[in-house]
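Numbering of ligands and ligand atoms starts at 1, following listing order.
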Amino acid sequence: MEETLKYKPTSCWERYGSEAERGAMDSLAEEFLEFLTRCKTERETVAWVAEQAAALGFSDAPGQGRVVQAFRSKAVLLARRGTLPLSDGVRLITAHVDTPHLDLKQHPLHEECQVALMKTHYYGGIKKYQWLARPLALHGTVVTMDGRAVFICIGEHGDDPVFTVLDLLPHLARKQREETVEKAFVGEKLNLAFGHEPATTDEEAKVRQRVLELLYERYAIREEDLFSAELQVVPAGRARFVGLDRSLLGGYGQDDRLCVFAAFKAFMDAPAEGHAQVLLLCDREEVGADGATGSKSRFMENALADIVEAWEPEAKPRRVLSRTKAVSADVHCPMDPDYQDVHDKHNASLLGFGPVFSKFTGHGGKYGASEADCEYVAWFRALLAAEGIPWQMAEMGKVDEGGGGTVAKDLAVYGMEVIDFGPGVLSMHSPFEISSKADLYATVKAYTAFYRS
Ligand code: MN
Ligand code: MN
């Protein structure tokens, strides 16, 4: 009796312990690390998804029944027609393709003390000190006035140079040590060391001039082209296995590319039957989801309306939306071994015990978020129980400790049933985030079960 009443969490390592499952887990992890290494910006992620989808027969013509529609290179929607009518709603998973990083400012280039520097403006919630004194890469797009797009990626390949934000030596950091972290590390000091060799011309700022010469030689761009550019500074280097047992996955941008990858795999694994399936990948989640490519934009609504018109003109888009079941696929914060005190351990998740439901997000008295209905959560539990997929139910941290929001509320406004559901990530928002190989495997299983439902 005691055994049947008590809830017992299931470890993904135990659930997927067979040799075959572990082999599948390893190859999935390797594939994910490749993806994470290659996709470090929203544009790179959307291009990767669009390219993979096109290779699998998806096109931007809704008539085909398999649709991929990219929007402004920074958001993308995939849809597959099922056997049930659209008016029964669709199965939708959404994740975000943007990650915290440093953007170059519009007037980035200057010179101080014989060093050329690029000024930056950080994007999203970063701990500024984590970006100092480490190899950084520059990724992005520069467009010239004649419409030519120049794609830049420096710091990732072969003997590419990297860049770095300089840090103060400890010998002279006495005053800094007495400051609060907030005051000790300020945005205006996040400048990227970009050059040192002076130009041979008689210009005043010779090092700065030399950088402009090199940019022109290599990319045929001038200083003014930087004003309109989208250039992002991200941690340089590959995503890696972490731990002697290679059980952890380490790399930049897992919030939320861990979910992007898991949802994409699940979407591609799902059969063209049952409900129509949709994968929506949005930008700008880390800064409030506003703007043309964020989840608050009309992009999804418009793209779905076009699909409804092509597949089932008699169906009403608003009906399709309100009957949809959705997952806001975003990463969760499991118990941090070194900072356990910020969690309510009775309502926290653990790495390795499967993807995590957040019935609601927000902060304080549940401000700024939607909350999933008990009916929907129970439906979802039954779905996962049928396949014995491990999962967890948790809150983000102690009630008054802080909080955070996701895009779930942007879907809830349409009347969809929606819940946050994603794997745990340690060192979240840092340049080297950590996830569990076993959680990734279970998450793909869970998202696949959802698409098949
Ligand atoms: Mn996120
Ligand atoms: Mn985030």
Side-chain donor-acceptor distances from residues 124-133 under 3.5 Å, at least two apart:
from, atom 1, to, atom 2, distance (Å)
K127, NZ, Y129, OH, 3.3

Do any side-chain atoms of residues 374-386 form donor-acceptor pairs under 3.5 angstrom with protein atoms, and if so which ones, sequence neighbours left out?
from, atom 1, to, atom 2, distance (Å)
Y376, OH, A326, N, 3.2
Y376, OH, A326, O, 2.8

Could you tell me whether a side-chain N or O of T164 sits under 3.5 Å from a main-chain N or O of L166, the two making a donor and an acceptor? no
Quick one: name the protein N/O/S atoms under 2.8 Å from the Mn ion (ligand 1), chain by chain. H96 NE2, D255 OD1, D330 OD1, D330 OD2
Just list the side-chain donor-acceptor pairs under 3.5 Å for residues 239-251, sequence neighbours left out, or say none.
from, atom 1, to, atom 2, distance (Å)
D245, OD1, S247, N, 3.2
D245, OD1, S247, OG, 2.7
D245, OD2, S247, OG, 3.2

Is the backbone of K40 close enough, under 3.5 Å, to the side chain of Q232 for a donor and an acceptor to pair up by distance? no
Check this for me: Q176, atom CD, are more than 12 non-hydrogen atoms of other residues, nucleotides or ligands nearer than 6.0 Å? yes
